[in-house]
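Everything below concerns the one structure shown next.
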2 protein chains.
Amino acid sequence: MQPGDTELVTVPAPEPADGEALVRTTYVGMDAAARTWLDDQPGYLPPVQLGEVIRAAGIGEVVASRCDAYSVGDVVTTLTGFQEYTIVRDDVFTTPVPGPGDQVDQRAVMSVYGPTGATAYFGMMGIGRPQPGETVVVSAAGGATGSVAGQIAKIAGARVVGIAGGPHKCRAVVEDFGFDACIDYREGGLPAALKLHCPRGVNVYFDNVGGPILDAVLGRLAPKARVVLCGVISSYLTGDHPGPANYVNLLAKTAVMQGFNALDEWGRFDEAFAALRRWDQEGLLVHREHILDGIESCVDALNGLFTGANIGKTLVRLSGS
Amino acid sequence: MQPGDTELVTVPAPEPADGEALVRTTYVGMDAAARTWLDDQPGYLPPVQLGEVIRAAGIGEVVASRCDAYSVGDVVTTLTGFQEYTIVRDDVFTTPVPGPGDQVDQRAVMSVYGPTGATAYFGMMGIGRPQPGETVVVSAAGGATGSVAGQIAKIAGARVVGIAGGPHKCRAVVEDFGFDACIDYREGGLPAALKLHCPRGVNVYFDNVGGPILDAVLGRLAPKARVVLCGVISSYLTGDHPGPANYVNLLAKTAVMQGFNALDEWGRFDEAFAALRRWDQEGLLVHREHILDGIESCVDALNGLFTGANIGKTLVRLSGS
C-alpha cells in the first residue's frame with residue numbers, strides 16, 4: 001500500500017450495546033492474506049470496502065461487557081482490524097483465551113495458538129502428511145506460518161529444507177527454527193539448489209509464495225508428492241500470477257496439489273493448539289515475533305510482509321507492555 | 001510424427017522360448033500417452049529407444065505357447081506394440097480375457113474393459129467422486145477415456161458438460177454418449193461458455209488436455225472442486241506446457257488438483273471392469289471404436305489423436321475380422 005491509500009482516524013471508543021462487549025486491542029497480527037481482502041474481488045471473505053476498517057486478526061482484553069459470553073478482563077482473539085478498540089459479539093470469530101489474563105502469553109497466542117499455528121498444523125499434518133525420512137520443502141520459511149510448518153514436519157521425522165530471502169533470514173531458519181537447510185532464493189539457481197538439497201525429490205511442499213518458486217519445486221517432485229497451497233504472496237501485490245508450467249509433473253509423478261484454508265478446520269482448532277502446546281512444552285517448537293508499536297505502524301507492518309522484513313510473526317502492539 | 005520418423009520392417013515371427021507364448025495381434029490401441037514414451041525423458045515407463053518397437057497396448061490371440069499361463073486360442077491383452085506378433089511372458093502386463101475366444105468382443109475390451117476404461121473409472125470415481133447434482137466437466141469428451149469418464153459421472157447423478165473440438169464431435173458427445181452439453185473449444189470464448197453451462201461452477205474437472213482449456217476451467221471452479229489430471233494432450237507434441245495461471249483458484253476455492261495414472265490401480269482393475277460391465281449390460285454405457293486397418297496405419301492412427309480425428313477409441317486392426 002502507498003501513502004494516501006489509508007487514513008488514520010481518531011474517534012471516540014464505541015459503547016457496547018446489549019449482547020456486545022468492547023475489546024481493547026493488545027496486538028494486531030499481520031497476515032499476507034489481509035492484503036487480498038483489500039482487492040475488489042470475491043474471495044473466501046468479502047472484500048473490505050473503501051472507508052471500512054482494514055480487517056485483521058488480533059488479540060485484546062475485554063474492557064466493558066453487556067453480553068454473557070465475555071467478562072471484563074477476559075483475553076479474546078477476534079477480528080480486531082487495524083484499530084485500538086473493537087466491538088465484539090458472541091460469534092465464531094471471537095474466542096476467549098483460557099487462563100487468567102495476566103498470565104496469558106498473548107504474543108504466543110498470536111504466533112502459534114491462533115490461525116497462524118492452526119494453518120501450519122492442518123496444512124502440514126492434514127494435507128502434507130510428512131513421513132519419517134521424507135523430504136519436506138517450505139517456502140517463506142522464516143515467516144510466521146512457514147517457520148511453524150517446517151518445525152512440525154521436523155517433529156514428524158522428515159528432513160526439512162526451507163526457502164527464504166537473504167542470508168540473515170536463512171540463518172535464522174536453520175539456527176533458530178531448526179530446519180536442516182535453507183535455500184536463499186535471492187541468490188538465483190533455485191532448481192540446482194533444490195537438486196542439491198533434495199537429491200531424492202520433494203515429498204511435501206508447503207507453498208506460501210507461488211510464482212517461480214512454486215514452479216521450481218514442482219519440477220523437483222518425488223512420486224506421490226503432496227503440494228500444500230497455503231498462499232501466493234508473490235502475486236498478492238501485483239495481481240500477476242504466472243502459471244506454473246511444471247504442473248505437468250503432478251501427472252508424471254501422480255502427485256497432488258491442494259488449496260487449503262485453515263478456517264475450514266475452525267471446529268478442530270483445539271486439536272491443533274493441544275498438539276502445538278505439547279510440542280512447545282517439550283521444547284520442540286520455537287516461535288518468534290517481530291514487534292512494531294502503535295496504530296500508525298500497521299500499514300508499514302503489513303507492507304513489510306511483502307519485502308521480507310520479518311522473521312516469525314509480525315505483530316503491532318497497540319496497548320500493554 | 002513425421003514421415004521418416006518410423007520404419008516399417010518385415011521380419012519372421014519369433015519363436016517362443018520356454019516360458020513364453022506367441023500372440024498374434026488383433027487390435028492395437030492408440031493412446032495419447034504413447035507419444036510421450038517416444039520422448040527421451042524419464043516418465044512412469046522408460047522411453048522407447050531408437051530402433052525399438054513403438055510401445056502400445058493391444059489385444060490378440062495366443063497362437064503358440066511354451067508357458068503354463070497361456071494356451072493356444074486364449075485372448076490376451078498385452079503391450080503388443082506396433083507389431084503383428086508379440087512374444088509374451090507371464091507378467092503383469094499380459095492379462096487373459098475370460099471367456100471363449102470367439103465370443104470375446106475384442107473391440108469392447110480395448111475401449112472399455114482395459115486400461116482406457118480403468119483410467120476413466122478410477123480417475124472419475126476415485127479422485128473426481130462426483131455427487132448427485134454436481135457439475136462435471138470432461139475435456140477430450142469425444143475421446144476414448146473422456147467419453148467413458150463422462151458417462152460414469154452421469155451414472156453417478158452429476159450434470160456433465162463435455163469439451164471437444166468441432167460440431168461433429170460435440171454432437172456425438174451429446175447424442176451418442178449422453179452428455180448434458182458439449183462446448184466446442186474451437187469456437188473460442190471458452191470462459192464465457194463455461195459460465196453459461198456451469199452457472200454454479202465446476203465441481204469436478206476431468207482433464208485430458210492441459211493448456212488453455214485447463215486454465216479456463218480452473219477459472220470456473222466451485223468450492224472444494226476436484227481436478228483430475230489424466231493427460232496433457234495439448235503439449236505432448238510441442239513439449240510446450242503453458243502454466244495454468246488460474247491455479248491460484250485452487251487456493252481461493254480450497255480445491256485439489258491430482259495427477260493420476262491408472263497403472264497404480266492395476267491390482268483393482270477387476271473392480272473397475274465389473275462396474276463397467278454392469279453398466280454396459282444395463283444399457284448405461286455407450287462405447288465407440290474408430291477402426292483403421294493394417295500395420296501401415298498405426299502411425300497415422302496415433303497422429304490422429306492429436307488432430308482430433310477420432311470419436312471413441314482408435315484401434316488399428318492387424319488380423320481377424
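Chain letters run A, B, ... following the sequence lines, proteins first and then strands; every chain starts at 1.
No part of B/Lys253 comes within reach of chain A, as not one of its non-hydrogen atoms sits under 4.5 angstrom from that chain. For A/Leu214, the part sitting under 4.5 Å from any heavy atom of chain B is the side chain, from C-beta outward, and nothing else. Looking at B/Asp215, neither its backbone nor its side chain comes within 4.5 Å of chain A, counting heavy atoms on both sides.
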Verdict with supporting geometry, B/Leu218 and A/Tyr247, side chain to side chain contact (heavy atoms under 4.5 Å, CB included):
CA-CA 13 Å; B/Leu218 285 174; A/Tyr247 91 93; over 6 Å; no
Can B/Leu250 and A/Met257 be said to form a side chain to side chain contact (heavy atoms under 4.5 Å, CB included), step by step? CA-CA 8 Å; B/Leu250 295 172; A/Met257 183 158 78; 3.7 Å; yes
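Atom CG of residue B/Asn249 and atom CG of residue A/Leu229 lie 11.0 Å apart, to the nearest 0.5 angstrom. Remark: A/Gln258 CD to B/Arg226 CZ distance equals 11.0 Å, nearest 0.5 Å. From B/Thr254, atom OG1 reaches atom CG of A/Leu263 across 10.5 Å, with rounding to the nearest 0.5 Å.
Within a 6.0 Å sphere centred on CG of A/Asp5, other residues, nucleotides and ligands contribute more than 12 heavy atoms. Within 6.0 Å of CZ in B/Arg200 there are 12 or fewer heavy atoms belonging to other residues, nucleotides or ligands. For A/Asp91, the CG atom sits in a packed shell: over 12 heavy atoms of surrounding residues, nucleotides or ligands are nearer than 6.0 Å.
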